[in-house]
Amino acid sequence: MLVDSHCHLNFPELAGRVDEALALMRENQVTHALCISVTLQEFPQVRALAERYPHIYASVGVHPDYADVPVVTEQELVALADHPKVVAVGETGLDYYRIKGGAGWQRERFRTHIRAARRCGKPLVIHMRDAAQDTLRIMREEGAPEIGGVMHCFTGSWEEAQAAIELGFWISFSGIVTFKNAAALREVARQVPLERMLIETDSPYLAPVPHRGKTNEPGLVRYVAEEIARLRDLSLEQVASATSDNFFKLFRIDGARTDSMA
Ligand SMILES: [Zn+2]
Ligand SMILES: [Zn+2]
């Protein structure tokens with residue numbers, strides 16, 4: 001059993017072919033997926049997917065790359081998170097790659113999400129790109145360890161991974177670990193303790209080798225698990241069961257419910 005801890009099934013590349021994506025999940029034994037919100041405008045689509053399919057879950061949040069969207073408040077996030085299928089707050093965080101050097105509004109938005117997550121008791125999905133120092137600092141300042149969460153699509157160093165783990169966070173690896181030029185990240189994936197690791201697709205982006213460059217989808221998370229298994233000298237089953245257990249634990253989902261693929 002495999003789980004995709006981060007996908008965007010409602011994005012245009014996938015929205016028109018959700019049934020095919022679900023079929024590939026079944027074929028590859030990917031039993032659950034967490035569909036991630038990036039703006040409050042598209043959140044109703046994300047929630048609708050989670051309401052329609054028992055094994056799809058949702059998060060609520062506004063991604064740090066979206067500059068031209070209304071300011072989100074703690075109250076709004078807490079209200080929208082009050083739903084049985086909304087299991088996380090995010091994706092949120094800091095991206096100094098897209099928004100060069102970051103911006104005050106990005107850091108404020110991140111703080112708002114951490115406060116909302118603490119208030120509603122749901123873990124954070126954190127996007128951190130070229131911004132490790134500020135991300136970890138704000139996590140500490142806002143008490144993020146109290147609620148925990150996941151550093152999604154992790155591409156940082158081992159030191160950064162360790163710092164996040166010390167704050168009570170999980171590290172999630174995407175298809176990037178299969179990329180030829182990702183030797184440094186593979187080293188990190190060798191070191192992160194299995195009990196702190198998640199896997200994801202971030203689909204429709206970042207399709208793993210041998211599908212690189214094509215549209216990614218949750219079923220392809222299997223290739224991420226296979227690469228981790230190879231790197232750690234473990235079986236696919238060991239990586240699959242550890243990362244799935246971690247997912248259920250972090251997002252407090254009853255993974256034993258075998259009706260999940262109904
Ligand atoms: Zn992201
Ligand atoms: Zn994402």
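Note that ligands are numbered from 1 as they come in the structure, with each ligand's atoms numbered from 1 the same way.
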_Whether the side chain of Arg212 engages the backbone of Ala207 through a donor-acceptor N/O pair (distance < 3.5 Å, no angle test) should be reported._
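Here the side-chain-to-backbone pair does not exist.
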**Prompt:** Checking Asn246 side chain against Leu194 main chain: does a donor-acceptor pair fall under 3.5 Å?
**Reply:**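 Yes: the side chain of Asn246 pairs with the backbone of Leu194.
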Q.
With carbon and hydrogen excluded and only N/O/S kept, which atom of Asp202 is nearest the Zn ion (ligand 2)?
A.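 Relative to the Zn ion (ligand 2), the closest nitrogen, oxygen or sulfur of Asp202 carries the name OD1.
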message: Looking only at N, O or S atoms, which one in His6 sits nearest to the Zn ion (ligand 2)?
response: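 Answer by atom name: NE2.
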Classify the ring geometry between His127 and His152 as parallel (under 30°), tilted (30 to 60°) or perpendicular (over 60°).
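If you compare the ring of His127 with that of His152, the planes turn out tilted.
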Examine all N, O or S atoms of His152, backbone included, and report whether one is under 2.8 Å from the Zn ion (ligand 2).
->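 No.
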A side-chain contact here means heavy atoms from C-beta on lying under 4.5 Å apart; do Glu76 and Val60 qualify?
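Counting from C-beta outward, Glu76 and Val60 never come under 4.5 Å.
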ask   = What atom name does the N, O or S atom of Glu91 nearest to the Zn ion (ligand 1) carry?
value =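 Of all N, O or S atoms belonging to Glu91, OE1 is the one nearest the Zn ion (ligand 1).
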What N, O or S atom of His127 is found closest to the Zn ion (ligand 1)?
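Of all N, O or S atoms belonging to His127, ND1 is the one nearest the Zn ion (ligand 1).
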Item checked: Axial cation check for Phe247 ring with Lys249, 6.0 Å and 45° limits ->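 No - Lys249 does not lie over the ring of Phe247 by the 6.0 Å and 45° rule.
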